[in-house]
Visitor: 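One structure, pasted below without further comment.
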Amino acid sequence: TRHSKASLHYTGRLNLKFMVQKRQWRNNHCDSHYAAAMFRYQREFAVKFSEVTSFVCLDDKHRIKVGEPGFPVAAAERGRRVLVRAGTSFEVGDHDFTKFSVVPSVALMNDIPEDITGSWYHGQVFVTLKEGAFEPSSPLRHAAELNHLLDSPNYVGKPVLCLYTDGGPDHRITYLSVQVSLICLFLSLDLDYLLAARTAPCNSWRNPVERVMSTLNLGLQSVGLMRQAGSEEFEADAARCHSLHELRKAGERKPQFCTEALDVVAPVKVLLSQVFQRLQLKEKQIAMSTAVPQSDIDSLWNSLSTVLANELPNPDQVTRKSSLQNLPELAQFMSHCCRLHHYFFEVKKCGDKFCKICKPVRLPDEIFKQIRPFPNPEPGEDNHYKAFDQIYGSETSEKFRPSLSKRSRKQRTLPFHGKVQHVHNADLMLECEECGMWRLVYATHKLKSSERRSLQATLSGMSFSCGSPLQELDVPPQLKDKVYVRDMNCHEPIEILYYSAKYEPICIYCGQPEPFKNNKEYPRCSSCQDKPCIEKK
C-alpha cells in the first residue's frame, strides 16, 4: 500500500495507440521491384492474349491441425482471437503439435480484365483438402490437381496457361521436379504455351490468391477439429508415432494403416468443405475439389511417354539435374521447348508441323506468331523498368536482376561466426534437391528434444535447395531466430565444419561415403579425383 501511494506522485504520458494487426508478414528483398515488374509483364501478356489464356494463382494454406478422438483442437492458429456468440465459450485444445492435419490447396482462376488497371481478384476459387501425412503436397500432385480443374468444361480449350505462385518448395521453378511436373501438365492439356512465374522471397503477399486466405480464416473461426476413432490396431500403431516421418513409416509397413488414416480424417474434410462452401469471393461461391487419387497422378506422369522413348522412370528419380544424363529425350525436349530464368519458366511449341519433338500448334498461325519469348525486366533511360510493349519481343537477359549483382560474401555468411558447437546444437543436415549436396543446420543454442523433433518433422515434408534460408520455410515460429543454413550455391563443396564435427567422412565434392585416405586432405571419391584437392589448414 505504501508503494502504491508513493507511485501516485510519479506520473507521465505514455504514447500508445490501437492498431489492426497486419494480415501478412512482409519483408524487403532486393529483387522485390524486379519481380513485381515481371508480374506486371505477365499480367499484360495475359491481357494481350486474354481470349486464349487461362490465368491461375496457386498457394497452399497453413496446415489445419486435427486433434485426437475426444479432444478437439482449434482450427485457427494458436493465440489468434476468434469470434463466438455472446454467452457461450469456445473450449478446445490449443497445441503446437498434432499427429494429423489437413492442408487446403487454393487455386484462383482469374477473370482476366480488359486492361492492366482492372481487378485481378475476380474469379472462381477452388479449394482442395488433403490429409497431411498420406496425401502430401508435391509438384506432381499440384500439377494433377490443376490438370483436373483445367480439364473441366468451363476452362477446357484454352491453349495458353499462365501460373503465378509464391515460389514455395512445391512451386519453385528452379527445381527440376517442378519443371518436369509443368512439362507433364503442358503435354497432358496439349498446351501451346505455358508460363509459370513466382514472387520474390518474402513477397508472397503479392500473390492475388493470398486474399482468399483471409476469407478462409473467417470460416475457421470457432471451429474445433478432431478425427474419429479407428480400430484398436490402428490406434495402437498411431500411439507409437510421434512425428510425420513415423506416420509415413507406419504406412509403408502396413498399407492398411494408410487407408484407415485417410478414413478417420475424412469426416473432418467433410466438415471443412461445408464451412468453406458457405464463403464467397466477390459474390462468387467458393467451390470444393476432391483430392486427386494416385491413379490421376500416375496418369499425368504417363504423359511423358510422348517424349521418352524408353520406359518411364519413377518420379523420385527425376529430381536432380544429373538425372537428365539418363534421359536424353527429356533433356532434348527441355532444350528445344523450355526456357528457364530465376523467376519464370516457360514451355512453348516450336510451331514446325514436321517437328518430331513437340506436337502441332492448336492456335491460329497469326496468333501463335505473336507469342514471343517472355522478357526479363530491364531499366529504361529514367531508371524505371521499361514498359511491356517496349520490351516484349526483344532479346533480354537476367543481367539486371539485383540479387545477381549484389550477391556479396557478407550475404553468404551466418549472422554469427559458425563453430562446431553451433553444428552440434542442431545435429541436423539438409540435402539439396537439385545437386544432392548436404548442408549443415546451425543453431544458436542447444535445441531441446521437442524442438528438434518439431523441426525435423517440419523439414521432412519440404524440399530444400542450396541458398534457401530456413526463415522462408514454414519452420516453427519459436525456431525462426535460432536455426540457420549457409547461403551457398549448388555443387559447392561440403562445409569444412562437417568434418570438424566428426561426422561420417564423405567426398567433399559429391557427398558420397568416402574414408580419409590422406590425413592432410579432405576425402575425394574416385569420380572426383580430377577436381583439386582441398588441404586441411
Side-chain angles (χ1 to χ4, degrees), residues 29-58 110 112-118 120 158-167 171-175 178-179 182-183 185-186 191-201 203 206-208 333-351 358 361 363 365-407:
H29 190 271
C30 60
D31 286 343
S32 297
H33 191 194
Y34 181 87
M38 187 170 292
F39 183 36
R40 182 182 178 89
Y41 289 173
Q42 187 182 29
R43 287 178 291 167
E44 294 203 44
F45 172 88
V47 170
K48 182 179 180 67
F49 300 98
S50 58
E51 295 183 359
V52 296
T53 301
S54 299
F55 194 97
V56 186
C57 300
L58 301 174
N110 287 84
I112 302 175
E114 294 182 357
D115 58 73
I116 188 64
T117 60
W120 291 85
K158 292 189 175 182
V160 178
L161 174 62
C162 290
L163 299 178
Y164 193 66
T165 66
D166 61 0
H171 300 291
R172 188 165 296 166
I173 52 179
T174 54
Y175 289 176
V178 175
Q179 297 167 22
L182 293 175
I183 291 173
L185 182 65
F186 179 86
L191 299 174
D192 288 345
Y193 182 71
L194 184 149
L195 174 63
R198 66 184 182 100
T199 67
N203 279 242
R206 288 191 182 274
N207 192 352
F333 179 87
M334 294 183 70
S335 62
H336 179 263
C337 299
C338 303
R339 184 164 162 259
L340 173 65
H341 286 267
H342 195 69
Y343 287 109
F344 74 87
F345 175 72
E346 63 179 353
V347 190
K348 182 176 178 289
K349 294 177 180 176
C350 66
C358 55
V361 174
L363 282 171
D365 289 341
E366 60 273 13
I367 296 179
F368 183 77
K369 290 179 180 178
Q370 296 179 35
I371 299 179
R372 308 291 179 81
F374 191 69
N376 289 282
E378 291 188 354
E381 295 179 356
D382 56 354
N383 290 328
H384 289 84
Y385 288 115
K386 294 179 180 178
F388 178 75
D389 293 336
Q390 291 179 303
I391 200 170
Y392 187 62
S394 59
E395 292 290 336
T396 60
S397 66
E398 288 190 286
K399 62 182 179 179
F400 296 105
R401 175 161 60 88
S403 60
L404 193 64
S405 57
K406 293 184 178 180
R407 190 179 180 89

Visitor: What I'd like to find out is whether the side chain of Lys349 reaches to under 4.5 Å of the side chain of Phe186, using heavy atoms alone.
Guide: yes
Visitor: To the closest 0.5 Å, what do you measure between CD (Glu378) and OH (Tyr385)?
Guide: 10.0 Å
Visitor: Can you find a heavy atom in the side chain of His341 that is under 4.5 Å from one in the side chain of Phe374?
Guide: no
Visitor: So, do Leu161 and Leu185 sit near enough that their side-chain heavy atoms are less than 4.5 Å apart?
Guide: yes
Visitor: Measuring from atom CD of Gln42 to atom CG of Leu195, what distance do you get when rounded to the nearest 0.5 angstrom?
Guide: 4.5 Å
Visitor: Going through the checks in order, is the side chain to side chain contact (heavy atoms under 4.5 Å, CB included) test met by Arg198 and Phe345?
Guide: CA-CA 9 Å; Arg198 66 184 182 100; Phe345 175 72; over 6 Å; no
Visitor: Please tell me if the side chains of Glu395 and Arg372 come closer than 4.5 Å, counting only heavy atoms from C-beta onward.
Guide: no
Visitor: Report the residues that fulfil side chain to side chain contact (heavy atoms under 4.5 Å, CB included) with Val47, sequence neighbours left out, ordered by chain and then residue number.
Guide: Ile112, Trp120
Visitor: Measure centre to centre between the rings of Phe39 and Tyr164, then say whether the value is under 6.0 Å.
Guide: yes
Visitor: Quick one: closest heavy-atom pair of Pro375 and Tyr392, and the distance?
Guide: CD-CD1, 4.0 Å
Visitor: Tyr193 and Phe45: aromatic ring centres closer than 6.0 Å?
Guide: yes
Visitor: Counting C-beta onward and ignoring hydrogens, is there a side-chain heavy-atom pair between Asp192 and Val52 closer than 4.5 Å?
Guide: no
Visitor: Grab the two heavy atoms, one from Pro377 and one from Met38, that are nearest each other, plus how far apart they are.
Guide: CD-CE, 3.5 Å
Visitor: Measure across Cys337 and Cys358 and return the closest heavy-atom pair with its distance rounded to 0.1 Å.
Guide: SG-CB, 3.8 Å
Visitor: May I ask you to check whether over 12 heavy atoms, not counting those of Glu366, lie within 6.0 Å of atom CD?
Guide: yes
Visitor: Return the orientation label for the Phe388 and Tyr41 ring planes: parallel under 30°, perpendicular over 60°, tilted otherwise.
Guide: tilted
Visitor: Between Lys48 and Glu44, does at least one N-O distance fall below 4.0 Å, as a salt bridge requires?
Guide: no
Visitor: I'd like to check Phe333 versus Cys338 (side-chain heavy atoms, cut-off strictly below 4.5 Å). Are they in contact?
Guide: yes
Visitor: Please examine the side chains of Asn376 and Arg401, heavy atoms only from C-beta on, and report whether any two atoms are closer than 4.5 Å.
Guide: no
Visitor: Could you measure the distance from the NE2 atom of His342 to the CG atom of Asp31? Nearest 0.5 Å is fine.
Guide: 6.0 Å
Visitor: Output, in order, the C-alpha distance, side-chain angles, deciding distance and verdict of side chain to side chain contact (heavy atoms under 4.5 Å, CB included) for Phe55 and Val160.
Guide: CA-CA 9 Å; Phe55 194 97; Val160 178; over 6 Å; no
Visitor: Kindly compute the distance separating SG (Cys162) from CD (Glu346), expressed to the nearest 0.5 Å.
Guide: 10.5 Å
Visitor: Taking the side chain as every heavy atom from C-beta outward, state whether Val347 and Leu191 have any atom pair closer than 4.5 Å.
Guide: no
Visitor: Could you measure the distance from the CD1 atom of Ile371 to the NZ atom of Lys369? Nearest 0.5 Å is fine.
Guide: 13.0 Å
Visitor: Is the closest side-chain donor-acceptor distance between Thr199 and Asn207 under 3.5 Å?
Guide: no
Visitor: What's the spacing between Asn110 CG and Ser54 OG if we round to 0.5 Å?
Guide: 10.5 Å
Visitor: What are the two closest non-hydrogen atoms of Ile173 and Gln179, and how far apart are they?
Guide: O-NE2, 2.9 Å
